[in-house]
K.L.:
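Below you will find the structure I want to go over with you.
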Amino acid sequence: MPYRSVLVWLAVGVLALAAAACDPGGNRQRRSERREVRDADAAPYQAEIEEGLGAAVAILVDTSGSMRDRAAGDSRPKYVVAREALEAMLDATDAFVAKRPDFPIKIGIYSFSSSARRLHPIQRYDRAAIAAALDELPRPGGGTAIGDAMRVARPDLYQAGVFRKYILVVTDGENTTGRSPNDVAREIWGKSEGAVQVYFVAFDTTPEKFAFLKDIGGDVFGAGNGAELRQALDGVYQGKILAEAPGTAEREPARK
């Protein structure tokens with residue numbers, strides 16, 4: 001072996017020994033760190049603040065390009081019909097709050113197309129603020145990132161300070177970008193230990209594509225036109241979300 005090659009070989013060996021001496025447990029440390037990341041990813045969600053009575057609802061509104069199309073039996077585009085239906089749905093909150101001031105309702109508004117956007121953080125219901133947020137829904141355009149929108153909204157539910165948590169999605173299509181809503185919904189169901197309920201309203205699209213929700217304690221409602229959309233939203237909001245509020249003499253079940 002040539003003299004120069006011997007020197008290079010020796011130098012490489014010395015450097016390797018030096019690196020091992022400086023970091024004797026390096027590989028073990030990296031394996032441990034990777035294991036900790038995996039464990040953290042699998043760990044149940046934890047509330048960031050103390051929780052009490054009440055319900056938090058993250059409303060996710062599709063503003064993808066197809067929401068520009070006219071709604072069936074209507075001269076207006078679907079996004080306008082959806083906005084009005086949501087406003088009508090939330091009118092029920094006023095009567096509920098008057099009857100149950102001890103049970104706070106907190107609402108957040110999100111829009112999604114190719115990405116998700118928070119229009120109104122999850123806060124105690126304020127009719128004027130919610131109306132302003134719905135007025136800020138962007139003009140439709142782009143893809144449909146349903147799963148990503150769910151991932152954006154989910155952490156906000158754990159900062160709301162209430163036991164009951166809901167995601168309500170209004171969409172006219174299927175996911176075209178980002179994570180699958182099927183995967184995200186199952187992840188949320190598992191890591192929330194069933195504490196987050198997920199409901200979809202399939203507007204002018206087949207609800208069967210979201211049938212996976214029935215496997216995880218959620219549900220999907222179909223709506224072919226504006227009248228059916230109002231009916232479906234009322235069924236979710238009053239029939240599911242507000243109806244699940246415990247009576248004044250009942251206590252909220254403890255969460256693990």
Side-chain angles (χ1 to χ4, degrees), residues 54-71 74-97 104-162 165-173 175-179 181 184 196 198-205 221 223 225-226 229-230 232-234 236-238 241-242:
V57 188
I59 300 174
L60 282 51
V61 186
D62 188 341
T63 56
S64 63
S66 58
M67 289 293 281
R68 284 192 303 258
D69 299 343
R70 283 172 50 180
D74 203 309
S75 61
R76 298 168 301 166
K78 286 186 281 188
Y79 81 97
V80 172
V81 173
R83 184 182 64 211
E84 291 187 0
L86 286 166
E87 288 172 349
M89 177 195 83
L90 290 168
D91 284 345
T93 314
D94 293 309
F96 180 89
V97 169
I105 301 296
K106 301 187 177 186
I107 305 289
I109 304 293
Y110 304 75
S111 67
F112 64 90
S113 52
S114 296
S115 60
R117 177 183 170 193
R118 184 194 298 110
L119 301 177
H120 179 71
I122 297 176
Q123 296 176 349
R124 195 152 187 155
Y125 175 73
D126 179 304
R127 181 171 185 153
I130 293 297
L134 290 172
D135 284 342
E136 291 177 10
L137 283 170
R139 293 278 180 171
T144 312
I146 304 173
D148 287 354
M150 294 166 66
R151 294 186 73 198
V152 167
R154 197 283 309 165
D156 295 349
L157 291 169
Y158 278 82
Q159 298 175 17
V162 293
K165 306 172 184 70
Y166 303 89
I167 292 176
L168 171 58
V169 179
V170 180
T171 181
D172 75 334
N175 203 74
T176 62
T177 185
R179 285 197 62 187
V184 175
V196 178
V198 181
Y199 297 110
F200 277 43
V201 175
F203 181 29
D204 192 32
T205 189
F221 298 77
N225 54 45
L229 179 60
R230 287 194 180 211
L233 287 171
D234 184 69
V236 175
Y237 194 61
Q238 294 198 62
I241 296 173
L242 298 184

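Basis for what follows: all heavy atoms, side chains included, without hydrogens, waters or symmetry-related copies. Predicted, not measured: the structure shown is a model, and the values here were computed from it.
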K.L.:
Run the side chain to side chain contact (heavy atoms under 4.5 Å, CB included) check on D91 and R127 step by step: do they pass?
P.N.:
CA-CA 8 Å; D91 284 345; R127 181 171 185 153; 3.0 Å; yes
K.L.:
Without swapping roles, check the side chain of R179 against the backbone of G147 for a donor-acceptor pair under 3.5 Å.
P.N.:
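No, the answer is negative, given that no donor and acceptor are paired below the 3.5 Å cut-off.
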K.L.:
Please name the pair of heavy atoms, one in G143 and one in S114, separated by the smallest distance, quoted to 0.1 Å.
P.N.:
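For G143 versus S114, the nearest heavy atoms are N-OG, 2.7 Å.
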K.L.:
Given F112, which partner from the list N175, T144, V61 fulfils the side chain to side chain contact (heavy atoms under 4.5 Å, CB included) test?
P.N.:
T144
K.L.:
Run the numbers on K78 and V81 for side chain to side chain contact (heavy atoms under 4.5 Å, CB included), then give the verdict.
P.N.:
CA-CA 5 Å; K78 286 186 281 188; V81 173; 5.5 Å; no
K.L.:
Judged by atom type as modelled, is there a donor-acceptor pair below 3.5 Å linking the side chain of D204 to the main-chain atoms of D172?
P.N.:
no
K.L.:
Can you measure from CD (E87) to CZ (R230) and round to the nearest 0.5 angstrom?
P.N.:
9.0 Å
K.L.:
For the atom pair CD1 (I130) and CG (D135), what is the distance rounded to the nearest 0.5 Å?
P.N.:
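Interatomic distance, I130 CD1 to D135 CG, rounded to 0.5 Å: 11.5 Å.
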K.L.:
Is any side-chain heavy atom of D148 closer than 4.5 Å to a side-chain heavy atom of T177?
P.N.:
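Not in contact.
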K.L.:
Is the closest side-chain heavy-atom distance between L60 and M150 below 4.5 Å?
P.N.:
yes
K.L.:
Measure the CG-CD1 distance between L90 and I105 for me, rounded to the nearest 0.5 Å.
P.N.:
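So the CG of L90 and the CD1 of I105 are separated by 10.5 Å.
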K.L.:
Would you say CZ of R76 has more than 12 non-hydrogen atoms from neighbouring residues, nucleotides or ligands within 6.0 angstrom?
P.N.:
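Above 12, so yes.
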K.L.:
Can you find a heavy atom in the side chain of M89 that is under 4.5 Å from one in the side chain of L168?
P.N.:
yes
K.L.:
Supply the atom-to-atom distance I241 CD1 to Y199 OH, rounded to the nearest 0.5 angstrom.
P.N.:
7.0 Å
K.L.:
Would you call Y166 and V236 a side-chain contact if the rule is heavy atoms closer than 4.5 Å?
P.N.:
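In short, these two side chains do not touch, never coming nearer than 4.5 Å.
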K.L.:
Between V201 and A232, which heavy-atom pair has the shortest distance, and what is it?
P.N.:
CG1-CB, 4.0 Å
K.L.:
If I compare all heavy atoms of L242 with all of F96, which pair ends up nearest, and what's the gap?
P.N.:
O-CE1, 3.8 Å
K.L.:
To the nearest 0.5 Å, how far apart are CD1 in I59 and CG in L119?
P.N.:
11.0 Å
K.L.:
Return the minimal non-hydrogen interatomic distance between A58 and Y110, and the atom names on each side.
P.N.:
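Closest approach of A58 to Y110, heavy atoms only: CB-CE1, 3.8 Å.
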K.L.:
Specify the closest pair of heavy atoms between G173 and I146, including all atoms of both residues, with the distance to one decimal.
P.N.:
O-CD1, 3.9 Å
K.L.:
Is a side-chain donor or acceptor of K106 paired with a backbone partner of A160 at a separation under 3.5 angstrom?
P.N.:
yes
K.L.:
Just how far is it from atom CZ of R68 to atom OG1 of T63, taken to the nearest 0.5 Å?
P.N.:
10.5 Å
K.L.:
Do you know which two heavy atoms are closest between M67 and D62, and how far apart they sit?
P.N.:
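Nearest pair, atom of M67 first, then D62: CG-O, 3.3 Å.
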